[in-house]
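Accompanying notes for the structure given below.
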Amino acid sequence: MINYIDECKRILEKVMVDEGSHIEQAATLMANAIEHDGIIHVSGGHCHIYAMETFYRAGGLVPINPLLPHLFSTAPRTQTYSDHIYEIEGVGTTIFEDQYVTAHDCVVLASIAGRTIPTIDIALAAKKRGLPVIALQSMEFSKRTTPKHSSGLFLSDIADITIDLNIPYGDAVIELDGFSEKCCPVSSIIGFSVIQALVTQTVCTLAEAGITPPVWVSSNLDRGDAINKSHILSMKGRVSCL
């Protein structure tokens, strides 16, 4: 039996034990942003799937702005172009400056190795505006690489709080006889679990403070469309995908 699930469980259990306090601290920043009518901007990860994972999900927070520019989207014959774009400094800065941003916002960024150039750009742009930055990064992975950004910084060097995802170097975890490379990446499963734990803790923190957390509901509920429509109207002009 291939032990992929066991590996994911082992890493996730370690993250929840070692990084629980950082998750709580980060959730406090996110709850504070929402309490003061701010937005949580999310970006990063493979094809920016962390941003997609947090946006417009049943039970998820409403005031989340996913940074999903078309130039990073996966479509037929676009990957080669996307690879080049990821190597250009300034792209992330332009993306962030194109958003509706207030002093009460916060930013959540994912980069497993912590050296993705557009993600570093966004982190620096956010800090320039005085916004708190939360990083999801694997320190084990980062320690075996070098920064790509001309600043010489990793994402964790910029962030106010870093949640260490404990992803192994190279991401893949399964070794097979006769194969020179490992297979089966774990970063998505671990990262998604952690970012949803962040959302959950944020909702709980708000509720404990007597604040009704603004959350999306399933569109498959009979009342779902009406509830979500009111949320959409409240976020128009503030969340770029609405």
task: Give a yes or no on whether the backbone of Ser187 and the side-chain of Asp171 come within a donor-acceptor separation of less than 3.5 Å.
output: yes
query: Checking Tyr50 side chain against Pro66 main chain: does a donor-acceptor pair fall under 3.5 Å?
result: no
- prompt: Closest approach of Gly38 and Pro63, non-hydrogen atoms and distance?
  reply: O-CB, 3.8 Å
- line: Ser180 meets the side chain to side chain donor-acceptor pair (under 3.5 Å) criterion, sequence neighbours left out, with none
- prompt: What pairs meet the salt bridge (charged side-chain N to carboxylate O under 4.0 Å, His left out) rule with one or both residues in residues 218-229, with sequence neighbours excluded?
  reply: none
- request: Check side chain to side chain donor-acceptor pair (under 3.5 Å) between His36 and all other residues, then give those that pass, not counting sequence neighbours.
  value: Asn32
- line: Paired with Val186, the side chain to side chain contact (heavy atoms under 4.5 Å, CB included) test is passed by just one of Ile167, Leu165, Ile174, namely Ile167
message: So Val108 and Leu136, do their side chains get closer than 4.5 Å, heavy atoms only?
response: yes
- request: Would you mind reporting whether Val15 and Asp164 have side-chain heavy atoms less than 4.5 Å apart?
  value: no
Side chain to side chain donor-acceptor pair (under 3.5 Å) against Ser230, all qualifying residues, sequence neighbours excluded: none
- prompt: Which residue pairs pass the salt bridge (charged side-chain N to carboxylate O under 4.0 Å, His left out) test with at least one member in residues 18-38, sequence neighbours excluded?
  reply: Lys14-Asp18, Asp37-Arg238
message: Tell me the closest heavy-atom pair linking Asp121 and Gly92, and the distance in Å.
response: OD2-N, 3.4 Å
query: Looking at NZ of Lys9 and OG of Ser193, how far apart are the two atoms once the value is rounded to the nearest 0.5 Å?
result: 13.0 Å
Where Ser150 and Glu89 come nearest, the two heavy atoms and their spacing: N-OE2, 2.6 Å
task: Please name all residues satisfying side chain to side chain contact (heavy atoms under 4.5 Å, CB included) with Asp160, sequence neighbours left out, ordered by chain then number.
output: Lys127, Pro132, Val133
message: To the nearest 0.5 Å, what is the distance between CG on Leu206 and OG1 on Thr28?
response: 9.5 Å
- prompt: For the hydrophobic clusters of this structure (ILVMFWY residues joined by side-chain heavy atoms under 4.5 Å, transitively), does one cluster hold both Ile117 and Leu67?
  reply: no
message: Checking Val199 against Arg57 for the side-chain contact (heavy atoms from CB on, under 4.5 Å) test, could you report, in this order, the C-alpha distance in whole Å, the side-chain angles of both residues, the deciding distance, and whether it holds?
response: CA-CA 11 Å; Val199 169; Arg57 296 296 303 270; over 6 Å; no
message: Hydrogens and angles aside, do His104 and Thr102 bring a side-chain donor and acceptor to less than 3.5 Å of each other?
response: no
- request: Check whether any side-chain N or O of Asn166 sits under 3.5 Å from a backbone N or O of Ser138 as a donor-acceptor pair, and report yes or no.
  value: no
message: Enumerate the salt bridge (charged side-chain N to carboxylate O under 4.0 Å, His left out) contacts for residues 131-157, please, sequence neighbours excluded, ordered by first and then second residue.
response: Glu87-Lys148
field: Minimum side-chain heavy-atom gap Ile195-Val42 below 4.5 Å
entry: yes
query: Does the side chain of Phe96 come within less than 4.5 Å of Val101's, by heavy atoms?
result: yes
- request: Could you list who else is in Ile227's hydrophobic cluster, with ILVMFWY side chains joined at under 4.5 Å, directly or through other members?
  value: Val217, Leu221
query: Tyr100: what forms a ring pair (Phe, Tyr, Trp, His ring centres under 6.0 Å) with it, not counting sequence neighbours?
result: none
field: Fellow cluster residues of Trp216, listed by chain then number, with links counted only when side-chain atoms sit under 4.5 Å apart
entry: Ile39, Phe55, Tyr56, Val62, Ile232, Met235, Val239, Leu242
- prompt: For the atom pair CG (Asn65) and CG (Asp105), what is the distance rounded to the nearest 0.5 Å?
  reply: 8.5 Å
Note, Leu109 side chain near Ile158 side chain (heavy atom, < 4.5 Å): no
task: Treat each ILVMFWY residue as a node, draw an edge where side-chain heavy atoms are under 4.5 Å apart, and state whether Tyr169 and Met139 are in one component.
output: no
Separation of Gln25 CD from Thr162 OG1 (nearest 0.5 Å): 11.0 Å
task: Sort out for me which residue in Ile211, Thr205, Leu61 forms a side chain to side chain contact (heavy atoms under 4.5 Å, CB included) with Ile34.
output: Leu61
field: Gln137 side chain vs Ser156 backbone, donor-acceptor pair below 3.5 Å
entry: yes
statement: Sequence neighbours excluded, the answer for ring pair (Phe, Tyr, Trp, His ring centres under 6.0 Å) partners of Phe154 is none
field: Verify same cluster id: Ile190, Val17 (apolar side-chain graph, 4.5 Å)
entry: no
message: Quick check: closest heavy atoms across Leu198 and Ala26, and the distance to 0.1 Å?
response: CD2-CB, 3.4 Å
- request: Mind checking the SG-CD spacing from Cys8 to Glu13? Nearest 0.5 Å is all I need.
  value: 11.0 Å
- request: Flag the pair Pro213 / Thr202 as yes when at least one side-chain heavy-atom distance between them is below 4.5 Å, and no otherwise.
  value: no
field: His231 side chain to Val215 backbone, donor-acceptor under 3.5 Å
entry: yes
message: Any non-hydrogen side-chain atom of Pro118 less than 4.5 Å from a side-chain atom of Ile95?
response: no
message: If the condition is side chain to side chain contact (heavy atoms under 4.5 Å, CB included), which residues does Met16 pass it with, not counting sequence neighbours?
response: Leu12, Ile23, Ala197
- line: In this structure, OG1 of Thr54 is separated from CD1 of Ile64 (nearest 0.5 Å) by 4.5 Å
- prompt: Is any side-chain heavy atom of Val91 closer than 4.5 Å to a side-chain heavy atom of Tyr86?
  reply: no
task: Over all heavy atoms of both residues, which pair between Arg115 and Pro147 is shortest? Give the atoms and the distance, please.
output: CB-CA, 4.3 Å
query: Do you know the tightest heavy-atom contact between Asn228 and Ser219?
result: ND2-OG, 3.6 Å
